[in-house]
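Reviewing the structure listed below.
Order of the sequence lines sets the chain letters (A, B, ...), proteins ahead of strands, with each chain counted from 1.
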There are 2 protein chains.
Amino acid sequence: MMLSSSEIESLDDIIQRNKSIEKGDKVYSVGEKFTHIYAIRSGFLKSYCISESGEEQITGFHLAGEIVGLEGINTGVYLGFAEALETSQICAIPYEKLDKLNSSIDGLRQQLFKIMSQEITHNHELMLMLNQKNADEKIATFLLNLSAREALGKGLNLKFVLPMTRTDMANYLGLALETVSRIVGKLVKKEIISIDHKMVTIKQLDILSELAGASCHFSHPGEQNKLA
Amino acid sequence: MMLSSSEIESLDDIIQRNKSIEKGDKVYSVGEKFTHIYAIRSGFLKSYCISESGEEQITGFHLAGEIVGLEGINTGVYLGFAEALETSQICAIPYEKLDKLNSSIDGLRQQLFKIMSQEITHNHELMLMLNQKNADEKIATFLLNLSAREALGKGLNLKFVLPMTRTDMANYLGLALETVSRIVGKLVKKEIISIDHKMVTIKQLDILSELAGASCHFSHPGEQNKLA
DNA sequence: ATTAAAGTTTAACTTAGATCAAACTTTCAG
DNA sequence: CTGAAAGTTTGATCTAAGTTAAACTTTAAT
């Protein structure tokens, strides 16, 4: 799913390449005017929203090749936060210009539709996980998903980084942080995975996959759709 | 958020209006080639997917003015089912043509982007609900959400239809059907709502809202985006 | 290098909601 | 209309995971 060279040229005119952000920096915040969507070139972000009563809900973790900010299209305002979990490089893509240039970059527009569709599908998977999986299955699924995404669509990495805190994992998965800690600890003790600082190694992929259980995939997603 | 008359003319050329489907009929099924998205003119649908192990996960309930099938854009294949919960009228919109005609119906394309963005935002709300709300809060939130949607963006209906079974509600909310039955029963006993067959009446909106608790809304969604 | 703050682990205890079971009610096909 | 099937309610019991608490480890600022 590549763009043509003329599309890439069009892209070059409008995107602001490789802006660097540090851990803890926000790409955008709730209530800000929606102007750009952001392609992640390297690094790791989380997106989250805050409920009226001040509770944080993490809505996604995002790594290289993925897009954040799409939630702003509808209202013209960002409806949550995107924040770097480590030093990251991002491309700012002005949505307005993307929209205007559409005839010259049809492929790009179609790509964007696919990315949004993919996000909707991903959310269906997420519902299955949050509604029907127990804590062990959630953790196993989460680890495998992260592993596959860090491999950028080519299989899955047996060694990958887990850059978020237990608290963030727990919030995303709808578990208590102690539960996450306990289960990750159990997986290590059983030598299904090992952990060194933020680095995870999957030692028994078969067992971890078994643990993860059911998913909704009709056919596997294969290559990740990318914008730039 | 209306379409111009020329946009509506373009639309007239491509959409298949008012196809009628009966309760239990499927609009599309998993694995079928993605050809159309569907605008619901009247009635009520549910969308769901089936996990490898055969478990059903309801991914949404959809009523008049809403769109189903967007999940198919990415892979070119429908990734789940959409099924009528009652006799419904739907518009079939060929995605291919929609895509080709884009220059003449820019507004329509933008509308579609907004609808997809809205769906992503809605999923963030859903995560907050599934992760942080207890069973009482889930039921109250669900009822209020349905009430608001049946009012088509103008406030919320104090009287509305609850067309799905307890089993479907439970599946969607990640609860056991007995829990749903018990909590709905409790709300009726406390006279916060009353139920006559499939008709729900909210008798104490303040208390129900209180019960529903926190949401992520930055500003209220106002009018629902519609395609046709 | 020091140390305060942030993050993690572990254990004991509690509870919301699942599961099991059984009666009751509504729906709808013939 | 009739009866079987589908859906709902209600009660008793059980358990996965939350909560509370406290020690331990890592991180990062000075």
Taking only the side-chain heavy atoms of A:Arg166 (C-beta and beyond), determine which of D:dA16, C:dT8, D:dA12 contains the nearest atom.
-> C:dT8
Interatomic distance where CG belongs to A:Leu175 and P belongs to C:dA16 [whole Å] | 18 Å
Using whole Å, report how far CD1 of A:Ile139 lies from C1' of D:dA16.
-> 14 Å
Taking the side chain of B:Ala135 as heavy atoms from C-beta outward, which of D:dT8, D:dG18, C:dG17 is closest to it?
-> C:dG17
Between B:Lys23 and B:Ile183, name the one whose nearest nucleotide on DNA chain C is closer to the 5' end.
-> B:Ile183
Please name the residue in the list A:His122, A:Gln118, A:His124, A:Glu119 that meets the side-chain contact (heavy atoms from CB on, under 4.5 Å) test with B:Glu71.
-> A:His124
Out of D:dA17, D:dT8, C:dT27, whichever nucleotide has its closest atom nearest the side chain of A:Thr179 = D:dA17
Distance, rounded to the nearest Å, where B:Lys138 contributes NZ and C:dA16 contributes P | 14 Å
Where at least one partner belongs to residues 136-147 of chain B, residue pairs that pass side-chain hydrogen bond (donor to acceptor under 3.5 Å, both in side chains), sequence neighbours excluded = B:Lys133-B:Thr141, B:Asp136-B:Lys186, B:Asn145-B:Arg149
May I have the distance from B:Leu187 (atom CG) to D:dT9 (atom P), rounded to whole angstrom?
-> 12 Å
Taken to the nearest whole Å, CG/B:Asp168 to P/D:dT8 is 9 Å
What is the nucleic acid contact for A:Gly174, judged by heavy atoms within less than 4.0 Å: base, sugar-phosphate only, or nothing?
-> sugar-phosphate
Under-4.0 Å salt bridge between B:Lys26 and B:Glu32 = no
B:Arg182, nearest nucleotide to its side chain (from D:dA16, D:dG11, D:dG18) = D:dG11
Which part of the nucleic acid, if any, lies within contact of B:Leu177, taking any heavy atom under 4.0 Å across all strands shown: a base, the sugar-phosphate backbone alone, or nothing?
-> base
When you get a sec, tell me which of D:dT9, C:dT9, D:dA17 is the closest nucleotide to the side chain of B:Ser181?
-> D:dT9
Length of the CE-C1' vector between A:Met164 and C:dA6, whole Å = 17 Å
What nucleotide among C:dG17, C:dT8, C:dT10 has an atom nearest to a side-chain atom of A:Lys198?
-> C:dT8
Could you tell me the separation between the CG atom of B:Asn134 and the P atom of D:dA17, rounded to a whole number of Å?
-> 17 Å
Between A:Ser117 and B:Leu70, is there a donor-acceptor pair closer than 3.5 Å when you use the side chain of the first and the backbone of the second?
-> yes
Could you give the NZ-to-P distance, from A:Lys186 to C:dA11, as a whole number of Å?
-> 14 Å
Between D:dT8, D:dT19, C:dT8, spot the one nearest the side chain of B:Thr165, thanks.
-> D:dT8
For A:Met169, the option from A:Ile139, A:Leu177, A:Leu175 that meets side-chain contact (heavy atoms from CB on, under 4.5 Å) | A:Ile139
